[in-house]
Structures are given as C-alpha cells and as structure tokens.
*Asks:* 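Before we start, here is the structure in question, set down as structure tokens.
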There are 2 protein chains.
Amino acid sequence: MTPRHAIPAANQLLFGLPPTEHAAFMAACEPATLVFGEVLVEPGAVIEHVYFPVDSFISLIVSLDDGDRLEVAMAGREGMMGVSLLLGVRESPLCALVQGAGAALRMDAARFQHLLLSCPALHKRLLRYLYVVMNQLAQTAACTHFHQVEARLARWLLMTHDRASSNNLQLTHEFLAVMLGVRRAGITQAAMALQARGLISYQRGNITVLDRAGLIEASCGCYHADRLLYARVLGDQHSGT
Amino acid sequence: MTPRHAIPAANQLLFGLPPTEHAAFMAACEPATLVFGEVLVEPGAVIEHVYFPVDSFISLIVSLDDGDRLEVAMAGREGMMGVSLLLGVRESPLCALVQGAGAALRMDAARFQHLLLSCPALHKRLLRYLYVVMNQLAQTAACTHFHQVEARLARWLLMTHDRASSNNLQLTHEFLAVMLGVRRAGITQAAMALQARGLISYQRGNITVLDRAGLIEASCGCYHADRLLYARVLGDQHSGT
DNA sequence: GCGTCTATGTACGCTAGCGTGCCGACGCAT
DNA sequence: ATGCGTCGGCACGCTAGCGTACATAGACGC
C-alpha cells in the first residue's frame, strides 16, 4: 500500500496524467463532500456536475418504468460519475446515489466538457474508463440473471469494500435488497450464510468484512473479471490494447 | 416508409452527415455480406473490422466464465459493431454473432479510428450512439432480472422485427433460449402463449409476426423505452440534449 | 427504565423457471 | 419411400426466490 502522503488522496483516473493536464484539471474543479443518501442526479435529468470520488463512492441505479430498480454500476476512487458527458450527452439515464459519504472532486459539467478539449491524455483515459464501465454493465446484466443471491451479495460486498476504506460497511439488509433487486428476507438468508462461513459479521446496519479471500471464493467470477478488466485497461499505463 | 431509391440502402448512423464526411466514410469502407451464424469477433479478441449493417443484424453476447451466455444488445441498420474502438480500445469484450444475414458496410479497424479524426460530425454521432447502447445495457440488465420470459420474448421479437425487413423471422426456440438465457422449454411455453393470443405464428424455425401492436402490449416497457431513447438521442438531428 | 423505532429473524404458501428426458412430427437427403 | 436429424410439445420433480406477515431485539430519546 502506498502511504497517503506519497500519492495525495486523489482519484485513480487522474493518475499518470501530464503535469499540465493535472494542473488544469485541479484548477477547474473544487473539493466537495458527498453526504450519504444524497442523489447526485435523477434518472433522465441534466448533469450539473461531474464527480470524481476520492474517499466516497456512488451507486448507479437504473429505474424501470414499472418502478423496479437495480444497481448496475458503482463509482469510487477508481471511477467517476457523469460519463455520458464524454459522449456529448448532458443527461444521465441512471440515478446516482451517494452510498459512501466522503470527499470528491467536482466540476461543472460545461467546464468539464470544455476542459477535455485541452486535455487529450485525460480525455483518452476517461474514454478507456468508459469502456470498462460498459463491460461492467454487460457483465452485471448476465450476473444478475444467472447467479444466486449469495454469490451476488459476496460480489457486492467486495466491490463496496474496495471502495470504502474500512472493513466496516454501514449497510442494512433493506438497502442491499434494493441494490440487488431481491427481497430483504433474501439478503438476510444470504448474509447469514456468509456469516456462518466466517466471511463477514454484522449487527444492525453494520457489516464487517472478516475474510476477503473467502468472500472472493464465495462470490461469482464476475468480481474477479471486473477487476482484471480494470487493471488491464486502466491499471498499467504502458499497456496498449 | 421511404422508398428504397430515395434513401439508398444505408446505415442510420450515417444519416445527416456533411457530404464530405459521408464521402470520406464511403471511400474508406467496403461492402460486405454477413452470413448467418458468422462470428465477427470472439469475446476478448481484437476487432479487425467495424461493421455498419445495412440489411443485416448482429447480436452482441456476453459470456461469463462459467459458460453462461446472454444477449445484451443488438445492432442492425440503426447501429454498428465495434463501438469500443470509439473509446480507444481495440478489443471487444462481447461476442458478435450475425443473426440476420445480409449486407453491411465494413471498414478496417485502424482505418476507422483514423477516419474519425477527420470526421467530427460522424464521430460525434457515433458517440451519441454509444450513449444509447450504454443505456440499453443498463436497461437490459434490469429487464432480464425482473421481467418474465413471455414479455422478454415479445420484446426480443420486436427488436428483431425492427431490424429484419420481413415479418418472417428464421428462429428456432433453441436459439431464442440462448439469447434470453432460459430453457428451450421456457421459450416454447412463452411462444405458445403469444401464438394463442394471435400475435405471432410459427412452425419449425420460422416465426411470423402477425400483430406488432399486440406484441408491444405483450412486451415489457423496455422495448418502448429503448426506442424512445434512440429517437431522442439520434433520431432528431436538431435535438440538443 | 420506558416507549418507540428500526433492523433482523423466521415462517408459510406460492410461482417461475430449472434440469432432464422423452416423444412425435416435420423435412431433407438418400 | 424411407430414414435420420432437427424442431417443438410435454411432463416430472425440484429449487430459488417471491409476497406477506409477524415476532424479536438492539438503539435511542426522554
């Protein structure tokens, strides 16, 4: 683990940028504090700001006509909220919900779009990130359909654990049920199973990750696949693909 | 319906381009004939060519580690195959399978990426298309999870019907089962129900659409939502968003 | 301490869809 | 015309997850 002071708390999408671009980015954005439960953008609404979480993370949720909701992606330190601006569209189809409170960098949407014109390296990197997101969407579609609640829960906890900087996650079964699109009772059952295996423990809205490796084993391969893809496309700055 | 000779058989993504860009595009690509069942790109492989179906259409399929497969998007006259090149990534995560044989325009991947640099209008339009695709992925994730086989089948038939130029679709239950990620017997049941309602008829690998409006009613709202989004983002050339 | 609220455990019947396997029917090739 | 392979109908028991409802048990304010 790199100590905090070596790489100042920042967003991974900003890693490895040329100094001028990094400076331009930092000059254009401002620090923001995201509050748990805050909705950064409603589905179909115009995006006012883009967010680059530093310390916080955001759930991206699709809502169907009939009211069903499902989390389809997550953005933490490794990602951003507002990718559709990269595609020249100012609205977001998904709902963005702050799921982990904390710090983020935020920038006015118009300014962001303008900034991209003068920051080719940043632009390029963000597009690659978008590629990763697209894959996660596709992967999630299949995962949600084929895999069982217990494995999906394990995957979800791992993804959250990666983005939260603590082993302690403030999550109720109720909330998890909405994210995974299942009943609360279904979560309770799956959580009990994971707890019985010693992978997590929990009480009243507080889940503790005890055994990451075990959780990975309990999760479907989708967790691992996601991470591999991210590393391949965005981790190694020298990779071509 | 616009007669064929008025708008020459072409791909909708090329509509409304400045003449120079259109000419540059046409000069760089070549006609191709897609054969039913052909795999244009394997998951994880490098994209050799991008395809713009004219008369044909392509299924985009995600494959999980454990072998499960699910169709997550479709590209016909309204779309293209190879969007990840727009993001600067030369590989495709999804499998592209020719599902409707016919004509397409095809271009070498490198040439395509190069062409985009000199065709800003085209580039912009394709990015907007990508936005639509992303939404369809998210929508499909939720649809696949929440909606029943019968409604999903109706949606799928409608999407196919839009892209095939005929009321007659060459499809076996077996194939549909793979696309929707369900058992063949599940398709048989759903198809029988749709047939009983007079919406389709079928025999031995040949499904006929009898009542489009009825099918729309039988489908989940996802079909309609998809179309609306496409129209809003790509249909009206004057829309800002 | 007491009431209240919220989170979790549990139970019951129900349904969609699964896995499997078999049969009949159609159609193509010999 | 015969035979074989493909396609579709069907049936069996099974399971995951649903909808609903109710009961306990921490947490928190007063």
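In what follows, chains are A, B, ... by sequence order, proteins preceding strands, each numbered from 1.
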*Asks:* B:Asp226: which residues meet the salt bridge (charged side-chain N to carboxylate O under 4.0 Å, His left out) condition with it, sequence neighbours left out?
*Replies:*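 Counting only residues at least two positions away or on another chain, B:Asp226 forms a salt bridge (charged side-chain N to carboxylate O under 4.0 Å, His left out) with B:Arg155.
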
*Asks:* By the 4.0 Å heavy-atom rule, please label A:Ala191 as base, sugar-phosphate, or nothing.
*Replies:*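 The residue A:Ala191 makes no contact with any strand.
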
*Asks:* Counting only pairs under 3.5 Å, give me each side-chain donor-acceptor contact of residues 170-181 of chain B, with atom names and distances, residues two or more places apart or in other chains.
*Replies:*
unit_1	atom_1	unit_2	atom_2	d
B:Thr172	OG1	B:Phe175	N	3.1
B:His173	ND1	B:Thr188	OG1	3.0

*Asks:* For the pair A:Asn11 (side chain) and A:Pro53 (backbone), establish whether a donor and an acceptor sit closer than 3.5 Å, ignoring hydrogens and angles.
*Replies:* yes

*Asks:* Would you mind reporting whether A:Ile47 and A:Ser84 have side-chain heavy atoms less than 4.5 Å apart?
*Replies:* yes

*Asks:* In a check of side-chain contact (heavy atoms from CB on, under 4.5 Å) between A:Leu97 and each of A:Val39, A:Leu60, A:Leu40, which one passes?
*Replies:* A:Val39

*Asks:* Give a yes or no answer on whether the side chain of B:Arg163 reaches the backbone of B:Met159 with a donor-acceptor pair at less than 3.5 Å.
*Replies:* yes

*Asks:* Tell me if the CD atom of B:Gln189 is crowded by more than 12 foreign heavy atoms within 6.0 Å.
*Replies:*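 Counting neighbours around CD of B:Gln189, 12 or fewer heavy atoms of other residues, nucleotides or ligands fall under 6.0 Å, so no.
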
*Asks:* Heavy atoms of chain A, cut-off under 4.0 Å: which first and last nucleotide of DNA chain D, 5' to 3', fall inside that, if you could look?
*Replies:*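 Range of nucleotides within reach of chain A: D:dA16 to D:dA27.
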
*Asks:* Could you tell me the separation between the CE atom of A:Met192 and the C1' atom of C:dA11, rounded to a whole number of Å?
*Replies:* 12 Å

*Asks:* Who pairs with B:Asp66 by side-chain hydrogen bond (donor to acceptor under 3.5 Å, both in side chains), at least two apart in sequence or on another chain?
*Replies:* A:His147

*Asks:* Going by ring pair (Phe, Tyr, Trp, His ring centres under 6.0 Å), name the pairs with one or both residues in residues 35-85 of chain B, residues two or more places apart or in two chains.
*Replies:* B:Phe25-B:Phe52

*Asks:* Short question: side chain of B:Ser56, backbone of B:Ala103 - any donor-acceptor pair under 3.5 Å?
*Replies:*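 The answer is yes, because a donor-acceptor pair under 3.5 Å joins these two groups.
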
*Asks:* Which salt bridge (charged side-chain N to carboxylate O under 4.0 Å, His left out) pairs, counting each pair once, include a residue from residues 132-143 of chain B, with sequence neighbours left out?
*Replies:* none

*Asks:* Is it the case that C:dG19 (base atoms only) and B:Arg184 (side chain only) share a donor and an acceptor within less than 3.5 Å, ignoring hydrogens and angles?
*Replies:* no

*Asks:* Looking only at side-chain N and O atoms, does B:Arg183 come under 4.0 Å of OP1 or OP2 in C:dG19?
*Replies:* no

*Asks:* What nitrogen or oxygen pairs link the protein and nucleotides 25-30 of chain C at under 3.5 Å?
*Replies:*
unit_1	atom_1	unit_2	atom_2	d
C:dC26	O2	B:Arg204	NH2	3.3

*Asks:* Once you apply a heavy-atom cut-off of 4.0 Å, does B:Gly205 come out as touching a base, just sugar-phosphate, or nothing?
*Replies:* sugar-phosphate

*Asks:* With the threshold set at under 4.0 Å for non-hydrogen atoms, list the residues of residues 171-179 of chain A touching DNA chain C in residue-number order.
*Replies:*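 Within residues 171-179 of chain A, the residues near DNA chain C are A:Thr172, A:His173.
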
*Asks:* Between residues 145-153 of chain B and DNA chain C, which residues have a heavy-atom gap below 4.0 Å?
*Replies:*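 Hits under 4.0 Å, by residue number: B:Gln148, B:Val149.
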
*Asks:* Sort and list the pairs that fulfil salt bridge (charged side-chain N to carboxylate O under 4.0 Å, His left out) and have at least one residue in residues 179-194 of chain A, not counting sequence neighbours.
*Replies:* none

*Asks:* Tabulate below the donor-acceptor pairs under 3.5 Å that side-chain atoms of residues 194-207 of chain B make, not counting sequence neighbours, or state none.
*Replies:*
unit_1	atom_1	unit_2	atom_2	d
B:Arg197	NH1	B:Glu150	OE2	2.9
B:Asn206	OD1	B:Asn168	ND2	3.4

*Asks:* Angle, rounded to 10°, between the helical axes spanning five pairs at each terminus of the helix from C:dG1-D:dC30 to C:dT30-D:dA1?
*Replies:*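 Nearest ten degrees gives 30° for this helix.
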
*Asks:* Please check if the number of heavy atoms outside A:Glu30 that lie under 6.0 Å from its CD is greater than 12.
*Replies:*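 Counting other residues, nucleotides and ligands, CD of A:Glu30 exceeds 12 neighbours.
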
*Asks:* Evaluate B:Leu34 against B:Arg106 for side-chain contact (heavy atoms from CB on, under 4.5 Å), listing each step before the verdict.
*Replies:* CA-CA 10 Å; B:Leu34 300 183; B:Arg106 133 183 152 166; over 6 Å; no

